[in-house]
2 protein chains.
Amino acid sequence: MKKNKISIKDIAAAAGTSTTTVSFILNGKADHKVSPALIEKVLRIIEEKNYRPSSLAQSLRTGKTNTIALLVEDISNPFFSGIARLIEERAAKSGYKIVYSSTENNPEKTSTLLDFFQEKQVDGYIISPPDGALEDILKLKNKNIPVVLFDRHFAETNMNHVVVDNRLSSQTAIKHVINNGFKNVGCITLNSHQTQMAGRLQGYNDAIEQAGLKKYILNIDYKAGENERMVIEMAKFYKANPSMNALFFCTNYLAILGLEAMQRSNLKVGKDFAVVCFDEHDLFRLYSPPITVIAQPLAEIAENAFAILLNEMENQSNIKRVEMIEIPATLIIRQSTSNFSNFSITGSVF
Amino acid sequence: MKKNKISIKDIAAAAGTSTTTVSFILNGKADHKVSPALIEKVLRIIEEKNYRPSSLAQSLRTGKTNTIALLVEDISNPFFSGIARLIEERAAKSGYKIVYSSTENNPEKTSTLLDFFQEKQVDGYIISPPDGALEDILKLKNKNIPVVLFDRHFAETNMNHVVVDNRLSSQTAIKHVINNGFKNVGCITLNSHQTQMAGRLQGYNDAIEQAGLKKYILNIDYKAGENERMVIEMAKFYKANPSMNALFFCTNYLAILGLEAMQRSNLKVGKDFAVVCFDEHDLFRLYSPPITVIAQPLAEIAENAFAILLNEMENQSNIKRVEMIEIPATLIIRQSTSNFSNFSITGSVF
DNA sequence: AATAGTTAGTAAATCGATTTACCAAAAATA
DNA sequence: TATTTTTGGTAAATCGATTTACTAACTATT
């Protein structure tokens, strides 16, 4: 029945000193307050007993947890997990730990998560917010808790955020498709008010209108676990618009469903449709033919989001500032948007 | 300059009662200790002030955090993120929160993470351990902290774990390939001592030996960020073994690299190679041709791992028991392992 | 020698909860 | 009426750290 948890008291007792002294030593505040001999002795005992301060107790006392909550839409999406990994790395350098969770784009789950992390008193939040989470997030702001949004933000409120130039990069991508000879470009997007989706749709609209072409738009009511329904909706959309010869998917998981719908409908990328997709994915790189994408600059997004948050957390002047950053995305052209006659020459699969 | 954080004291003061009483009410221990009128009043005030107890303080006092650490190899791998999501759901039902992190198969990072979570005093651990983490994990056991391993375990120690029958399911898969007429099956695996990899390799060896065929084995020294090197190694492997006409990839990310290597070498699944892979992935389902996989039963793994942990956390009898569970995996047959002549008839791509 | 400054330390309050031990008043019982 | 039980409640210790305010013993200065 050995005593399990050792505390600062045990260390103090073993060293024949006070907890104050041990605490000073632990926090590097011992410089001219504690004799070198005692410092060394205490450190030795700490080492021997393999003592680690309880961060629970530390945080209770100091009000700092050195922990940041990262709320993403879906951690299994490579866009978000890529961001998460980069932020985690960056945060470690500044002594912060990241804890992440998926909101699944569900405002209720988000609300629960925010409550949870507030109880844990994390120091700051990096959030890709779902529709409907504005109110809960504003509550954070009102408590002066540092928050940065990314991937999307709330048009009706000025809050720190880091996003890409969804509109312009989408427009560029659609123009590329049109210039390659595809005059009937469809757009598959989410039925959502999220700013990034709105931006991508606008980019599509811009390009189509400028070229004076016809619009084909499908709004998908996205729900996790209802893949079957969504695949069927897309297949119907394809069937209902036989003139459509190109598709713009507004996000990677829509494209994955869309490819599945093609497979079932016996339609092929590079034969029946040119395809371009917002967001990168292993699948797109390795697909036959490889699929053109708009790739987001993960490193810049992660770096900027963290930098803004760090500033808010550590600069406690009472000047209030809001930082809103928009970063360009990159069009990676692959064979899925090649002119089909060209393609059938160079590609070997068709 | 309003006071920001409200505590149980504020509630007690506002209700003209003691913190003891408030605490009893919060914890449902008020039944015959506090009058209904007072209970109602306190609850009303809590509601009004939107008070939430600091879980930091609660945990410090009670020693429980109701939090479980889930350490996976890589949260962006759909196998692990799928497991994470299921465990998270299951844990919520029992009042636990999951915090997850990626070890990246790095024992040092794992060690750091374990320290971090111990400081935070999480109640238990679910871990897919990297090679070399045994010592740190044994330290947890010695402190009587509940731990369950999954996906792999340590052959030299009996610890709670949940894995699939790697050996048998691999053997079955390879037999299927052989029976479809492919007599020169290669195996690409990790250069690692992890039990799941060893099991998969054994399954391959079993099947090849039983059929009296030649082995082609490539051990990849996996390092994140060195994709280029690994792709090149695989391409060389293909080139060096022109007789090889089928491939078994021991895990999904190896297969993704392997497909990239084929693309660069102008080799094709369903024409140059039959392919089977351990673990499911969107890419495999949607590839042309779709790729045969050994799919792990995520729900059963998650359910069993959590159940074992819950039992350890809540049943504090001093009976020590170890639970080791092996679950069958499922072979999902797709066109990548069809007999090529058949395939070229039914498939339309070739 | 008297005073000021430095060195090396500690006691006790505090963060925000839970929980034990105790108590006064009212109700029930003898 | 005296005693016991029940009801309704609280004071204070505690979890494990940090931090403020203080002090005793030297050393240096004038």
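What you see is a predicted model, and the numbers here were worked out from it, not measured in a lab.
Side-chain proximity of A/Ala57 to D/dT19, D/dG9, D/dG16: nearest is D/dG16. Nearest nucleotide to the A/Phe24 side chain, out of C/dT18, D/dC15, D/dT20: D/dT20. Taking every side-chain heavy atom of B/Arg61 into account, D/dC15 is the closest of C/dA13, D/dT10, D/dC15. Side-chain atoms of A/Gln58 lie closest to D/dA17 of the nucleotides C/dG16, C/dA17, D/dA17. For B/Ser23, the listed nucleotide lying nearest its side chain is C/dT19; candidates were C/dT19, D/dA17, C/dT10. Distances from the side chain of A/Thr19 to the nucleotides C/dA17, D/dC15, C/dA12 place C/dA12 closest. In the set D/dT18, D/dT10, D/dG16, D/dT18 carries the atom at the smallest distance from any side-chain atom of A/Thr62.
Regarding contacts with the backbone of D/dG9, every side-chain N or O of B/Thr20 stays at 4.0 angstrom or more from both OP1 and OP2. Within the 4.0 Å cut-off from OP1 or OP2 of C/dC15, not a single side-chain nitrogen or oxygen of B/Ser54 is found.
Base engagement by B/Thr21 is indicated by at least one non-hydrogen atom pair under 4.0 Å involving a base atom. Contacts of B/Ser55 with the nucleic acid, taken as non-hydrogen atoms under 4.0 Å apart, are absent. No engagement by B/Leu56 is indicated, since no non-hydrogen atom pair under 4.0 Å with the nucleic acid exists.
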